[in-house]
Amino acid sequence: MLPILYEDNHLLVVNKPAGLATMGTEAGATVHSLACDYLRQKYQKPGKVYLGVVHRLDAASSGTLVLARTSKAAARLSEQFRRHSPAGLAGEPAPNAPQVLPPEKIYLAIVRGHVRPPQGTLHDWLRKNEMAQRMEVVAAGSSESSEAVLNYTVLQTTVDAKRQPVTLVRVSLQTGRKHQIRVQFAQRGYPVHEDQKYGHLGPRRGSRDGIALHAWRLSFEHPTTKTRMSFESPIPDRWSTWFPNINRWPSDT
């Protein structure tokens with residue numbers, strides 16, 4: 001069952017489980033296919049159901065994802081996410097256009113090591129290494145590279161069963177590059193816990209366990225009512241292994 005956070009005639013907001021692709025896999029369920037099944041069954045709709053994907057989450061991560069139930073909502077939401085990215089700056093709205101707050105994507109991650117300084121900005125250029133099938137940090141302005149910027153704050157540091165430090169960080173994405181959080185922290189020696197693709201050398205877990213990266217809060221403007229909306233996905237229960245009080249923290253952490 002796909003956890004539903006919100007639903008109206010224009011939107012469907014879900015809490016994506018770790019290990020589930022947003023869409024596009026050749027075999028097996030995806031968020032898109034499960035959400036379509038949910039709507040088809042709930043409203044007894046025969047045949048295909050329209051559901052637009054306006055942004056994605058890594059299959060290995062979990063958290064808040066919004067889908068559009070109409071083509072108009074999909075176009076408006078896609079424009080919101082595009083307009084407020086570096087790639088969309090050339091398409092800024094006209095001077096008399098209404099001002100819209102940018103979408104806000106807040107992630108929580110557990111990373112290996114004791115992160116220093118306790119808050120800051122990570123600024124890199126990323127490019128896909130096709131041979132290795134992974135993203136990597138390259139020199140600024142390199143061919144086929146994209147700028148990647150995020151802000152972070154350390155929330156708490158503890159130790160695991162082997163007395164090795166692990167740190168819980170709050171991340172605010174300023175750009176939306178593929179595997180961005182994973183790559184930028186790993187580049188500085190702080191790989192996301194359980195992320196073997198980008199440097200954590202711990203024991204392998206099942207694919208459905210995913211990695212310790214969670215899209216916690218997503219805020220955006222409703223495509224029809226223009227109301228500012230914000231949704232939070234519950235933090236995965238297994239994170240309490242390292243941070244026992246995590247689900248009792250206030251939502252404005």
Side-chain angles (χ1 to χ4, degrees), residues 16 18 20-25 30-32 52-68 74-93 100-109 111-112 115 117 119-153 169-193 195-200 210-221:
K16 187 189 88 66
L20 189 66
T22 303
M23 67 174 297
T25 59
T30 65
V31 172
H32 184 265
V53 175
V54 298
H55 72 120
R56 302 190 187 204
L57 296 177
D58 293 349
S61 66
S62 58
T64 313
L65 185 73
V66 59
L67 302 158
R76 291 177 176 177
L77 285 170
S78 295
E79 175 63 13
Q80 271 192 68
F81 286 103
R82 185 200 67 81
R83 188 193 313 152
H84 296 288
S85 69
L89 292 180
E92 290 180 352
V100 179
L101 289 174
E104 182 183 43
K105 301 176 182 179
I106 303 296
Y107 285 72
L108 297 177
V111 301
R112 306 298 303 180
V115 177
Q119 61 181 21
T121 298
L122 305 186
H123 188 177
D124 296 296
W125 289 77
L126 306 184
R127 181 173 62 196
K128 185 175 182 179
N129 183 324
E130 295 288 353
M131 183 174 296
Q133 288 297 296
R134 51 182 278 160
M135 303 298 290
E136 60 185 13
V137 174
V138 295
S142 295
S143 174
E144 299 181 359
S145 66
S146 299
E147 190 176 18
V149 183
L150 62 78
N151 300 323
Y152 75 88
T153 300
V169 292
R170 181 185 189 273
V171 179
S172 175
L173 279 182
Q174 305 305 302
T175 58
R177 309 306 180 197
K178 184 175 182 178
H179 298 175
Q180 179 178 337
I181 296 172
R182 301 163 66 181
V183 177
Q184 290 194 273
F185 276 96
Q187 175 71 13
R188 290 159 176 84
Y190 309 121
V192 172
H193 185 61
D195 188 2
Q196 296 187 335
K197 188 179 188 73
Y198 290 103
H200 180 211
I211 61 176
L213 178 61
H214 183 66
W216 176 51
R217 179 189 293 163
L218 177 65
S219 303
F220 56 90
E221 183 185 88

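Side chains are part of it too, since the values below use all heavy atoms of this structure and drop only hydrogens, waters and symmetry mates. Please read these numbers as outputs of a predicted model, since none were measured by experiment.
- Here the CD-CD distance, from Gln174 to Glu104, works out to 8.5 Å after rounding to the nearest 0.5 Å.
- To the nearest 0.5 Å, atoms OG1 (Thr64) and NE2 (His214) are separated by 6.0 Å.
- The shortest non-hydrogen separation linking His123 to Val149 is CD2-CG2, 3.6 Å.
- Side-chain atoms of Arg134 come within 3.5 Å of backbone atoms of Lys197 as a donor-acceptor pair (strictly under, hydrogens ignored).
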Legend entry - side-chain hydrogen bond (donor to acceptor under 3.5 Å, both in side chains) between Glu147 and Thr175, intermediate numbers included: CA-CA 8 Å; Glu147 190 176 18; Thr175 58; over 6 Å; no
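- Minimum heavy-atom separation, Ala212 to Val192: O-CG1, 3.6 Å.
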Inset, instruction - Please report the C-alpha distance between Leu126 and Val137 in whole Å, then the side-chain angles of each, then the deciding distance to 0.1 Å, and finally whether the side chain to side chain contact (heavy atoms under 4.5 Å, CB included) criterion is met. - result: CA-CA 5 Å; Leu126 306 184; Val137 174; 3.7 Å; yes
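- Here the closest non-hydrogen pair linking Leu77 and Ala68 is CD1-CB, 4.3 Å.
- The shortest distance between side-chain heavy atoms of Tyr152 and Val115 falls below 4.5 Å.
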Inset, instruction - Could you walk me through whether Lys105 and Arg217 pass the side chain to side chain contact (heavy atoms under 4.5 Å, CB included) test, one step at a time? - result: CA-CA 6 Å; Lys105 301 176 182 179; Arg217 179 189 293 163; over 6 Å; no
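- Looking at Glu136, its side chain never comes within 3.5 Å of a backbone N or O of Arg127 through a donor-acceptor pair.
- For the atom pair CG (Asn151) and CZ (Arg170), the distance works out to 10.0 Å, reported to the nearest 0.5 Å.
- How far CD of Gln180 is from CG of Leu173: 5.0 Å, rounded to the nearest 0.5 Å.
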Inset, instruction - Take Arg56 and Met23 through the test side chain to side chain contact (heavy atoms under 4.5 Å, CB included) and record every step on the way to the result. - result: CA-CA 8 Å; Arg56 302 190 187 204; Met23 67 174 297; 3.7 Å; yes
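- In terms of modelled atom types and a separation under 3.5 Å, the side chain of Ser78 and the main chain of Val54 share no donor-acceptor contact.
- Residues Glu79 and Arg76 are not paired through a salt bridge, judged by the lack of any N-O separation under 4.0 Å between the basic side chain and the carboxylate.
- Ring geometry, Phe81 versus His55: the interplanar angle falls under 30°, so the pair is classed parallel (tilted spans 30 to 60°).
- In this structure a side-chain-to-backbone donor-acceptor pair under 3.5 Å is missing from Gln184 to Ile181.
- Between atom CG of residue Leu65 and atom NZ of residue Lys16 there is a gap of 8.0 Å, rounded to the nearest 0.5 Å.
- Note that CZ of Phe185 and CG of Leu213 are 9.5 Å apart. Values are rounded to the nearest 0.5 Å.
- Here the side chain of Gln80 pairs no donor or acceptor atom with the backbone of Phe220 at under 3.5 angstrom.
- When all heavy atoms are compared, the tightest approach of Thr30 to Gly24 is CG2-N, 4.3 Å.
- Within a 6.0 Å sphere centred on CD of Glu144, heavy atoms belonging to other residues, nucleotides or ligands number 12 at most.
- Closest of all the heavy-atom pairs between Trp125 and Gly141 is CD2-N, 3.4 Å.
- The two residues Ala18 and Gly210 make their nearest non-hydrogen contact at CB-CA, 3.8 Å.
- Using a 4.5 Å heavy-atom threshold, the side chains of Arg177 and Val183 count as separate.
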